[in-house]
Amino acid sequence: MKKSLIVLGLAASLFMGAYSSISADCKTGNSSTTVAKPAAEKDKLVKDSQEVTDNTYFVNAKWVKDQIKNNPKTVVLSVAYGKVPGFSKGHVPTAMQFSTNNIESEKNHWNILSPEACRKAFTKYGVTKDTNLIVYSPDVMAASRVAFVAYWYR
């Protein structure tokens with residue numbers, strides 16, 4: 001099986017909720033100590049029974065948990081511009097904070113840095129061509145940019 005790179009966007013927030021008692025009402029933004037009920041299988045974007053293949057980019061929390069537990073070459077990056085909001089309150093186990101500043105710069109109008117600079121940034125976090133990489137963020141654009149660059153440089 002090819003090495004995979006997975007992007008978690010909104011699903012990351014749900015997954016992180018399993019490790020944190022923080023929740024909020026999506027309609028009003030009110031804080032609550034009550035954890036939301038899980039969605040019915042028919043309503044889920046990513047089904048519990050989903051088969052993960054080389055062409056799967058969005059996965060469920062169970063798959064991520066299994067990868068972290070069973071595959072020592074799995075690296076999890078929690079991505080944001082700068083520091084990840086709420087990271088200290090809860091995050092995917094083994095996740096490391098990764099700033100988009102590692103792969104792009106305002107100085108060059110947010111263009112991607114050189115392949116060498118990107119490779120150095122990813123290598124610093126243990127990411128190689130043989131790594132299963134899971135990227136997630138509360139900001140799907142940040143996760144997508146990092147995932148794109150990881151595909152590009154690898």
Side-chain angles (χ1 to χ4, degrees), residues 1-20 22-31 36 39 43-47 50-68 71-154:
M1 180 173 170
K2 287 183 183 176
K3 300 302 173 192
S4 57
L5 181 140
I6 305 299
V7 179
L8 296 176
L10 296 175
S13 299
L14 298 174
F15 184 73
M16 289 179 358
Y19 295 94
S20 171
I22 297 169
S23 61
D25 182 325
C26 294
K27 292 180 181 175
T28 65
N30 292 333
S31 294
D43 297 328
K44 292 181 180 178
L45 178 64
V46 179
K47 308 292 186 214
Q50 168 188 322
E51 180 182 346
V52 176
T53 67
D54 289 342
N55 296 317
T56 304
Y57 299 99
F58 296 96
V59 297
N60 62 37
K62 182 183 180 316
W63 185 90
V64 172
K65 184 177 180 180
D66 290 345
Q67 286 298 302
I68 292 168
N71 187 338
K73 288 191 174 187
T74 298
V75 171
V76 182
L77 298 179
S78 182
V79 178
Y81 171 68
K83 292 195 175 206
V84 178
F87 188 85
S88 63
K89 293 181 182 177
H91 57 272
V92 174
T94 74
M96 297 175 280
Q97 292 191 67
F98 188 92
S99 175
T100 56
N101 290 326
N102 291 321
I103 52 107
E104 62 188 5
S105 170
E106 185 174 9
K107 291 179 183 177
N108 68 351
H109 307 287
W110 298 112
N111 287 312
I112 298 169
L113 300 176
S114 70
E116 296 78 22
C118 293
R119 185 173 290 109
K120 183 177 179 181
F122 282 113
T123 302
K124 178 179 173 184
Y125 288 83
V127 177
T128 69
K129 64 180 179 152
D130 297 320
T131 304
N132 283 333
L133 178 59
I134 298 171
V135 177
Y136 77 97
S137 176
D139 177 356
V140 73
M141 291 300 294
S144 298
R145 289 193 312 272
V146 170
F148 171 80
V149 173
Y151 269 120
W152 171 64
Y153 106 85
R154 290 169 71 180

Quiz item: Rounded to the nearest 0.5 Å, what separation is found between the OG atom of Ser99 and the CG atom of Leu77?
Solution: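 If I round to the nearest 0.5 Å, the distance is 11.5 Å.
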Can you measure from CD (Gln67) to NZ (Lys73) and round to the nearest 0.5 angstrom?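 Going from the CD atom of Gln67 to the NZ atom of Lys73 covers 13.0 Å.
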Under the rule for side-chain contact (heavy atoms from CB on, under 4.5 Å), what residues qualify as partners of Thr94, not counting sequence neighbours?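 side-chain contact (heavy atoms from CB on, under 4.5 Å) check on Thr94 returns Ile68, Val76.
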**OP:** Taking side-chain contact (heavy atoms from CB on, under 4.5 Å) as the test, write out the residues that go with Ser114, two or more places apart.
**Re:**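 With sequence neighbours excluded, Ser114 shows a side-chain contact (heavy atoms from CB on, under 4.5 Å) to Glu116, Ala117, given in chain and number order.
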Nearest heavy-atom pair of [X] and [Y]: which atoms, and what distance?
| X | Y | result |
| --- | --- | --- |
| Phe87 | Ala95 | CZ-O, 3.4 Å |
| Ser137 | Val79 | OG-O, 2.5 Å |
| Pro85 | Ala80 | CD-CB, 4.0 Å |
| Trp63 | Asn60 | N-OD1, 2.8 Å |

Got [X] and [Y] here, is their nearest side-chain heavy-atom distance under 4.5 Å?
| X | Y | answer |
| --- | --- | --- |
| Val92 | Ser78 | no |
| Asn108 | Leu113 | yes |
| Phe148 | Ile103 | no |

* To do: Under the side chain to side chain contact (heavy atoms under 4.5 Å, CB included) rule, what do Asp139 and Tyr81 come out as? Steps first, then yes or no, please.
  => CA-CA 9 Å; Asp139 177 356; Tyr81 171 68; over 6 Å; no
Look only at the side chain of Gln97 and the backbone of Val84, and say whether a donor-acceptor pair between them is shorter than 3.5 Å.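 A pair under 3.5 Å: yes.
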Polar side-chain atom of Thr131 near backbone of Leu133 as donor-acceptor pair, under 3.5 Å: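 No, because the side chain of Thr131 does not come within donor-acceptor range (under 3.5 Å) of the backbone of Leu133.
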Any salt bridge (Lys or Arg N to Asp or Glu O under 4.0 Å) pairs touching residues 142-152, not counting sequence neighbours?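 Output for this query lists Glu104-Arg145.
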Any idea how Phe122 and Phe98 line up, ring-wise: parallel (<30°), tilted (30 to 60°), or perpendicular (>60°)?
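Plane angle under 30°, so parallel.
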